[in-house]
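Read through the structure below, which is laid out as structure tokens, and then see the notes.
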Amino acid sequence: MKIDEVKEKGSKYLFQNYGRIDLCFDHGEGMYLYDLDGRKYLDLVAGIAVNSIGYSHPKWVNAIQKKASELVHVSNLYQVKEQADAAEAIASITPKGLDHTLFVNSGAEANEGSMKVAVRYTGKRKILSALNSFHGRTAGALGATGQTKYQDTFQTLISDCFDYFDYDSCESVKSMVDKDTAAVIVEPIQGEGGVRTASAEFFKTVRDVCTDRGALMIVDEVQTGMGRTGRWLGIDNFNVVPDIISLAKALGGGVPVGAVVTTDEISSVMTPGTHGTTFGGTPLVCTAVSATIDVMKEEDLVQNSHDVGKYLKDRVSKIDSDEIVDVRGYGLMIGIEMRSKASDFQKYCRDNGILINVCHGNTVRLIPPLIMKTSDADIFVESLDRFLN
């Protein structure tokens, strides 16, 4: 099938709610995607931070192929061995004490589940999140998303329990958390908000204020988790331990899965019937979770994220061009803010076999597979240098 046929069929049968680029991929291997005509592209988007162990990793493929032949789905009415194994694997990479997991199907669900846990545990009604944040597009997650462009026309679905503080402002957080606050939800890096970073002081303030005023600190690690920032969790860069962590994207290496991770005590309020999902934690996706974590450990991909990310960031920072406003981020989550040419550069890259993402106006967001090598980074940097100079 040719791309024009795909577009015609999609136009006829699909919702038109995505601004799709005229590319269609047939398969992927390692750092590369291959389109229907066989042209290969160095992928620095990774399915929006999902395919962190690259494409078609043999250990991951073998694990889910085997499980698919045995048991894809079974209800949560029963004990699920693969779920318990995957939860144990997650506990091995999260801070001590954060060792109880609820499996869901996406990042938005993980954030909504986290907020439900917080409200039930504290008995309070207010949720605070940051302006410019992004926590998902389902109703509750949309309410926590501090960007009106995502909320417009959907306001009737959003509860009045949400309020918004200024990201990276200690004073703003301190002034807004009160006796009615159930939780503060915050991203270690605002991904959809333009790869915006905050200080260690800010995260420590959020932690201290939540502790002092009886609120829970929820850290949205949907995009920053699983080694993306050069640590297992983005919040690990700031030596802060939250009460609840939400995970998704890279957690399953490409399959749809999310997770709420918290303590034994906090998780105990979610008794039978308080929350559930038909597809949350199936044997297939949990096998993918375990295989993904195994590969990341065996290949030391968290350290690779740190090392190659530092190399890439340093090289970009040395490019002499007034078009580059800022280079920021941690590990292999890097934002290159440009004055006006980010979209032009995205097209230039695509024409030259490189896939990048542009978010929040003029920020080039690099979120490649964590298997990236310095030689891959060189390909990107040389392309950026040629475009600018």
Side-chain angles (χ1 to χ4, degrees), residues 30-32 41-55 57 93 187-200 203 219-240 247-251 253 292-293 295-319 321 324-338 342 345-346 349 354-360 363-385:
M31 286 289 299
Y32 287 89
Y41 295 80
L42 178 66
D43 181 19
L44 307 186
V45 183
I48 311 185
V50 169
N51 300 97
S52 286
I53 60 172
Y55 295 95
H57 192 288
I93 65 173
E187 300 162 274
I189 300 174
Q190 291 188 328
E192 297 299 324
V195 195
R196 297 287 174 183
T197 58
S199 66
F203 292 109
V219 174
D220 179 347
E221 295 275 2
V222 169
Q223 189 167 151
T224 55
M226 301 302 296
R228 173 57 52 192
T229 68
R231 304 288 294 272
W232 277 109
L233 301 173
I235 198 66
D236 291 343
N237 290 285
F238 309 104
N239 296 315
V240 169
L247 294 169
K249 287 193 180 289
L251 179 61
T292 299
I293 294 173
V295 168
M296 291 185 69
K297 288 180 176 179
E298 289 168 6
E299 300 185 7
D300 206 11
L301 294 186
V302 179
Q303 186 64 44
N304 189 69
S305 173
H306 174 275
D307 295 345
V308 178
K310 183 178 185 303
Y311 175 84
L312 175 56
K313 189 177 174 185
D314 288 347
R315 282 214 61 193
V316 171
S317 297
K318 291 175 182 175
I319 293 177
S321 173
I324 297 178
V325 177
D326 191 22
V327 183
R328 52 184 177 258
Y330 293 82
L332 284 172
M333 185 172 182
I334 297 171
I336 306 167
E337 185 177 345
M338 304 180 80
F345 179 55
Q346 183 181 33
C349 282
I354 303 172
L355 302 177
I356 62 170
N357 175 242
V358 174
C359 64
H360 209 70
T363 299
V364 172
R365 175 173 51 171
L366 304 178
I367 39 178
L370 304 188
I371 62 172
M372 188 180 197
K373 297 180 173 64
T374 55
S375 57
D376 300 315
D378 290 339
I379 292 171
F380 169 79
V381 174
E382 289 160 11
S383 180
L384 177 59
D385 199 11

Output yes when a side-chain donor or acceptor of [X] lies under 3.5 Å from a complementary backbone atom of [Y], and no otherwise.
X	Y	value
Ser305	Arg228	yes
Asn51	Gly54	no
Arg328	Gly194	yes
Asn304	Lys373	no

Going by heavy atoms in the side chains, are [X] and [Y] under 4.5 Å from each other?
X	Y	answer
Leu355	Leu44	no
Val364	Gln346	no
Ile356	Leu366	yes
Val219	Pro188	yes
Arg196	Glu337	yes
Trp232	Lys297	yes
Met31	Ile371	yes
Glu187	Val222	no

Test side-chain contact (heavy atoms from CB on, under 4.5 Å) on Val316 and Ile334; report intermediate values, then the result. CA-CA 10 Å; Val316 171; Ile334 297 171; 6.0 Å; no

With sequence neighbours left out, write down each residue that passes ring-ring contact (aromatic ring centres under 6.0 Å, His included) with Phe238, or none if nothing qualifies.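 Phe238 satisfies ring-ring contact (aromatic ring centres under 6.0 Å, His included) with Phe203, Tyr330 only.
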
Identify, with sequence neighbours excluded, every residue that meets ring-ring contact (aromatic ring centres under 6.0 Å, His included) alongside Phe345.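 Once residues adjacent in sequence are excluded, the partners of Phe345 under the ring-ring contact (aromatic ring centres under 6.0 Å, His included) criterion are Phe380, Phe387.
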
Please give me the minimum heavy-atom distance between [X] and [Y], naming the atom from each residue.
X	Y	value
Leu312	Leu332	CD2-CD2, 4.4 Å
Met372	Val308	O-CG2, 3.3 Å
Gly47	Tyr55	N-OH, 4.0 Å
Ala46	Ile367	CB-O, 3.3 Å
Leu370	Leu301	O-CD2, 3.8 Å
Asp43	Val45	OD1-N, 2.9 Å

Audit row: Val358, Thr363, side-chain contact (heavy atoms from CB on, under 4.5 Å) steps and yes/no: CA-CA 6 Å; Val358 174; Thr363 299; 6.0 Å; no

What is the distance from atom [atom1] of [X] to atom [atom2] of [Y], rounded to the nearest 0.5 Å?
X	Y	atom1	atom2	answer
Leu251	Met226	CG	CE	5.5 Å
Met338	Asp326	CE	CG	12.5 Å
Ile93	Arg231	CD1	CZ	12.5 Å

For Ile319, give me all partners under side-chain contact (heavy atoms from CB on, under 4.5 Å), at least two apart in sequence or on another chain.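 Testing Ile319 for side-chain contact (heavy atoms from CB on, under 4.5 Å), a comparison that skips the adjacent residues, returns Ser321, Ile324, Val381, Leu384, Asp385, Leu388, Asn389.
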
Is there a donor in the side chain of Arg365 and an acceptor in the side chain of Gln223, or the other way round, less than 3.5 Å apart?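 There is such a pair between these side chains.
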
Going by side chain to side chain donor-acceptor pair (under 3.5 Å), name the residues that satisfy it together with Asn237, two or more places apart in sequence or in a different chain.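 Asn237: side chain to side chain donor-acceptor pair (under 3.5 Å) contacts with Thr229.
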
Would you please name every residue forming a side chain to side chain donor-acceptor pair (under 3.5 Å) with Gln190, sequence neighbours left out?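 Testing Gln190 for side chain to side chain donor-acceptor pair (under 3.5 Å), a comparison that skips the adjacent residues, returns Asn132.
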
Taking it one step at a time, do Lys249 and Ile48 satisfy side-chain contact (heavy atoms from CB on, under 4.5 Å)? CA-CA 8 Å; Lys249 287 193 180 289; Ile48 311 185; 3.5 Å; yes

Not counting sequence neighbours, list each pair that qualifies as a salt bridge (Lys or Arg N to Asp or Glu O under 4.0 Å) and has a residue in residues 307-316.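 Residue pairs with at least one partner in residues 307-316: Lys310-Asp314, Arg315-Asp378.
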
Do other residues, nucleotides or ligands put more than 12 heavy atoms under 6.0 Å from His306 NE2?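 Open: at most 12 neighbouring heavy atoms sit under 6.0 Å from NE2 of His306.
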
